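Report on the following structure.
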Amino acid sequence: MQPQDERHYERIYQVISQVPKGKVATYGDVATIVGDGCEAATVGQALGALGPRSVQVPWQRVIGRRGDKGRVTTSGLHQRDKLEAEGVEFDDRGLVDLGKFRWTGPSEDWARSHGFQMLPKEEGAPAVPDSQLRLF
DNA sequence: CACCTGACTCTAT
DNA sequence: AATAGAGCCAGGT
């Protein structure tokens, strides 16, 4: 596939590039930060379309969300191995404790200078006004 | 234009 | 605990 008119892809890649080694973000987290109607499934598509760019985008740090845990949703890409090599721990059921390894979002400076929004604080307390979030 | 598919995620069985 | 269905978005056919 060769998307010409990917309205979210580039921004999705920019956000993922900010996730530091040893941390993970969920598809939904990335979508929220990109904003502008971007959704988790769109992030999944963007990653599926990465191609050669996978060498410069830390795609392995994006995982699926399962309640308060995270899980690898890819197969055959050794995503879990890559993450464990970076220090991310998986429990006996192959789940990651998001409370411990979840990326807390881009730095405020970076978000502002690149036109992105921060990740909402924690469950319940949004870090930005509803008007800026498009969460269903 | 209609329909299918998915590196999604939440709710309800 | 495992499965199914439903929303959603964007690309491919």
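Chain naming here is simple, since letters A, B, ... match the order of the sequence lines and numbering starts at 1 in each. Bear in mind that the values here come from a model prediction, so they are computed numbers and not experimental data.
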Between atom [atom1] in [X] and atom [atom2] in [N], what is the gap in whole Å?
X: A:Ile16; N: B:dA7; atom1: CD1; atom2: P; answer: 14 Å
X: A:Leu50; N: C:dA10; atom1: CG; atom2: C1'; answer: 16 Å
X: A:Asp91; N: C:dA1; atom1: CG; atom2: P; answer: 11 Å
X: A:Trp59; N: B:dC8; atom1: CH2; atom2: P; answer: 13 Å
X: A:Arg71; N: B:dC8; atom1: CZ; atom2: P; answer: 8 Å
X: A:Asp92; N: C:dA1; atom1: CG; atom2: P; answer: 11 Å
X: A:Ile33; N: B:dC8; atom1: CD1; atom2: C1'; answer: 16 Å
X: A:Leu98; N: B:dT9; atom1: CG; atom2: P; answer: 10 Å

Of all heavy-atom pairs between A:Ala46 and A:Ile12, which one has the smallest distance, and what is that distance?
-> CB-CD1, 3.7 Å
For A:Gln14 and A:His114, the nearest pair of non-hydrogen atoms, with its separation, is OE1-CD2, 3.9 Å
C:dG7 versus B:dA7 - spacing of their P atoms, nearest Å | 22 Å
Kindly indicate, with the supporting measurements, whether the criterion side chain to side chain contact (heavy atoms under 4.5 Å, CB included) is fulfilled by A:Phe116 and A:Gln18.
-> CA-CA 12 Å; A:Phe116 287 97; A:Gln18 293 299 303; over 6 Å; no
Nucleotide nearest [X] when distance is taken to its side chain, options [options]:
X: A:Thr26; options: C:dA1, B:dT9, C:dG11; value: B:dT9
X: A:Leu47; options: B:dC8, B:dA7, C:dG11; value: B:dA7
X: A:Arg93; options: B:dC8, C:dG11, C:dA1; value: C:dA1

Measure distances between side-chain N and O atoms of A:Gln45 and base N and O atoms of B:dG6, and say whether any donor-acceptor pair falls under 3.5 Å.
-> yes
Is the distance from OP1 or OP2 of C:dC9 to the nearest side-chain N or O of A:His8 less than 4.0 Å?
-> no
Is the distance from OP1 or OP2 of B:dC10 to the nearest side-chain N or O of A:Arg65 less than 4.0 Å?
-> yes
Strand-adjacent residues in residues 72-87 of chain A, judged by heavy atoms under 4.0 Å from DNA chain B = A:Thr73, A:Thr74, A:Leu77
Can A:Glu86 and A:Lys82 be counted as an ion pair, charged N to O under 4.0 angstrom?
-> no
Take atom CZ in A:Arg66; do more than 12 heavy atoms of anything else shown fall under 6.0 Å from it?
-> no
Partners of A:His78 by ring pair (Phe, Tyr, Trp, His ring centres under 6.0 Å), sequence neighbours excluded?
-> none
Would A:Tyr27 and A:Thr73 count as having a side-chain donor-acceptor pair, cut-off 3.5 Å?
-> yes
